[in-house]
Enquirer: 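A single structure is presented below for examination.
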Amino acid sequence: MAFVRDLKKQDGAGIWLCGGANLAGRLLEEIDELIIKRHPVVIGSGTPLFDAPFRPDGFKLTNSRVFNTGAAITTYARETIIPTLIRPTTEADLDRVTAVTVDEPVGWIAADRYLEELDEGMYRPEWTWIAERDGRVIARALWWGQATSEHPIALDCLHVDPSVADRAALGAELISAGLRAFAEQGATKPPLYNLTLPNGWREDPATAAAAGWRRDAAPAAGLTDVVERLRLEWTPEAGLPASGGRLVFTEGTDEEFLDVFRRIAVGSLDGETRRNLVAMGAEATAREEVDFYLSCPGERSWWRIARTHDGRVAGLALPSATPYNRNVGYLGVVPELRGQGYVDDVLAEITRVQAEAGAELITATTDTDNAPMAAAFARAGYRTAQTRLIWSAPEPSPAS
C-alpha cells in the first residue's frame, strides 16, 4: 500500500492496476477510477472484482460507451465525500465569519454591524455558528441577544453558500445544532428566526427564491410556527397624528397593567397572543407580555393606562425602545370598546410621547393578518418599510 501511494505521487502517466480480485481488494482505498468492460455473455459464477471486507465505497459515472456488438465500457471516478463540520465559533474564527457576504435580496448582517454589536455583547462567538467543509465556511448562523441576555433571543442571519446542493437541509442542520446547544446551556425557550424581506417579496423571483430555502429550513429545525409581520416607521415629516381627545392617560401599578394586558389579550388578532392564549391561558400570556416589556430598553415610567373621561379603562399605551430606535412597544383596546376608533387615540399618544422625547424615527410591527391595526398605523402616518417572516417553536400545551 505504501509503495503504491508513493508511486502515485511521482510524475508520469496514470497507473493501471491489473492483478485480480485479491490485489484490487487490498488496494481499494487507492483506486481513483474504475473502467468496467461488459460483454453480452453469461458464463455463470466467476471471480469477483474485489476480494475485500464489506465496506461501501462511492463512485460516480463519468463516461459510458456501448458498441454495436452489445459490449459496453463504463468509467467511474471515486466520489470524494468531504465531511461537513458544524460548530460554534471562537475568537480565532472572527476574520472568516466577517468575510461572509450575502448576495441575496434578504436582510443580513454586514461585518461592520456584527463587529460593533459583538463588542456590545449582542453577538457572541458562542452564539455564532458555522458549517465548514475542507476548511471553508459554507454556512453561517448569527444569533442575537441583548447585552444583558444569558441566552440568544433571535436568529438574525442564516446563510448557506449557493454551491451547497441542498441549502435548506444544511440550513436546518445548522439551526438545529444551535438550538440543541442553547437548550443544553439552560435556555427554556428556543430563539426565534427573523427573516427580513422587502415589500412585495413574493412577486420578485430572486427574493422569493432566497426566502424559499429558508422557509424550508426553519420548520425542518423545529421552528414550525410562522407569522408574517409588517415593519412600520414614523418620521417627523409625516406629522403628529391627531388625537380625538376622548381619552386620558394615567400611570398605574404593575398589577393594574397586568389586569389590562389580560383583558386586551381576549379576542386579539395578534398571532403570537392568540397562540399563547391557547397554550398558556390569559393569565400567563399577560404575565409574559409584562415581563417582556420590562426587559426592553424602554423605561417603565413611560407606560400609561388609557381611560375614558368617566374613568373606564379603555386600553394600554406603552412607548418603548429597542437597542436601535424608539418604538411603539404595545397598544391595545379592551374588547368592549373596540371598533370605536380608540386605537387611533392610543397610537397618537404613543407617537406624541416619542416625538416629544426627540425621536427622529419611531418603529412598530404588526401582523399582516391584523388588518385593523395596520390600517390604524397607516392613518397615523406610519409607512410600511419591510416585511418580516418570524418562525418560532410551538408553545407546549398546558398538559405537557
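From a predicted model like this one, the values you see are computed outputs, not experimental measurements.
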Enquirer: Over all heavy atoms of both residues, which pair between A139 and L174 is shortest? Give the atoms and the distance, please.
Expert: CB-CD2, 3.8 Å
Enquirer: Does any N or O in the side chain of R263 come within less than 3.5 Å of the main-chain N or O of V334, such that one atom is a donor and the other an acceptor?
Expert: no
Enquirer: Report yes or no: does R136 contribute a side-chain atom to a donor-acceptor pair with the main-chain N or O of E132 at less than 3.5 Å?
Expert: no
Enquirer: Before giving the answer on salt bridge (charged side-chain N to carboxylate O under 4.0 Å, His left out), spell out for R287 and E283 the whole-Å C-alpha distance, their side-chain angles and the decisive distance to 0.1 Å.
Expert: CA-CA 6 Å; R287 174 59 64 186; E283 181 68 30; 5.2 Å; no
Enquirer: Y123 and W143: which non-hydrogen atoms are nearest, and at how many Å?
Expert: CD2-O, 3.3 Å
Enquirer: With a 4.0 Å cut-off, would you call D254 and R300 a salt bridge?
Expert: yes
Enquirer: Are the charged groups of R87 and E126 less than 4.0 angstrom apart, N to O?
Expert: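 Looking at E126 together with R87, the answer is no, because their closest N to O distance does not fall below 4.0 Å.
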Enquirer: Please report the shortest heavy-atom distance between A210 and V106, naming the atom on each side.
Expert: CB-CG1, 3.7 Å
Enquirer: If you draw a 6.0 Å radius around CD in E356, do more than 12 non-hydrogen atoms from other residues or ligands fall strictly inside?
Expert: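 More than 12 heavy atoms, drawn from other residues, nucleotides or ligands, come within 6.0 Å of this atom.
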Enquirer: Looking at A376 and L347, what are the two nearest heavy atoms and their distance?
Expert: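 That closest heavy-atom pairing would be O-CD2, 3.7 Å.
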Enquirer: Between E104 and R214, does any NZ, NE, NH1 or NH2 come within less than 4.0 Å of an OD or OE carboxylate oxygen?
Expert: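 Result for this pair is yes, salt bridge flagged.
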Enquirer: Determine whether a donor-acceptor pair (N or O, by modelled atom type, separation under 3.5 Å) exists between the side chain of D270 and the backbone of E272.
Expert: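 Indeed, once roles are kept as given, a pair shorter than 3.5 Å links the two residues.
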Enquirer: With R124 as the cation and Y114 as the aromatic partner, state whether NZ or CZ is under 6.0 Å from the six-membered ring centre and within 45° of the axis.
Expert: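 No cation-pi geometry.
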Enquirer: Hey, is the main chain of S163 close enough, under 3.5 Å, to the side chain of D161 for a donor-acceptor pair?
Expert: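 Checking the backbone N and O of S163 against the side chain of D161, a donor-acceptor pair under 3.5 Å is found.
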Enquirer: Is a donor from one side chain sitting under 3.5 angstrom from an acceptor on the other, for R352 and S243?
Expert: no
Enquirer: Please report the shortest heavy-atom distance between R312 and L337, naming the atom on each side.
Expert: NH1-CD2, 3.9 Å
Enquirer: Does one side chain, of E255 or T253, offer a donor that lies under 3.5 Å from an acceptor on the other?
Expert: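 The criterion, which ignores hydrogens and geometry beyond distance, is not satisfied for T253 and E255.
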Enquirer: Check the surroundings of atom CG in D310: do more than 12 heavy atoms from other residues, nucleotides or ligands lie under 6.0 Å from it?
Expert: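 Enclosed.
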Enquirer: Nearest heavy-atom pair of H39 and A71: which atoms, and what distance?
Expert: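 It is ND1-CB, 3.8 Å.
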Enquirer: Check for me whether R307 meets the cation-pi criterion with F249, that is, NZ or CZ under 6.0 Å from the six-membered ring centre and within 45 degrees of the ring axis.
Expert: no
Enquirer: Compare all side-chain heavy atoms of F182 with those of K189 and state whether any distance is below 4.5 angstrom.
Expert: no
Enquirer: Run Y330 and F261 through ring-ring contact (aromatic ring centres under 6.0 Å, His included) and show every step you take.
Expert: CA-CA 10 Å; Y330 188 96; F261 267 109; 4.6 Å; yes
Enquirer: Does E360 come within less than 4.0 Å of R326, counting only side-chain N to carboxylate O?
Expert: no
Enquirer: Do R229 and T365 pair up side chain to side chain, a donor and an acceptor below 3.5 Å, judged on atom types alone?
Expert: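 No, no side-chain donor-acceptor pair sits under 3.5 Å.
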Enquirer: Could you tell me whether Y382 and F377 have their ring centroids closer than 6.0 angstrom?
Expert: yes
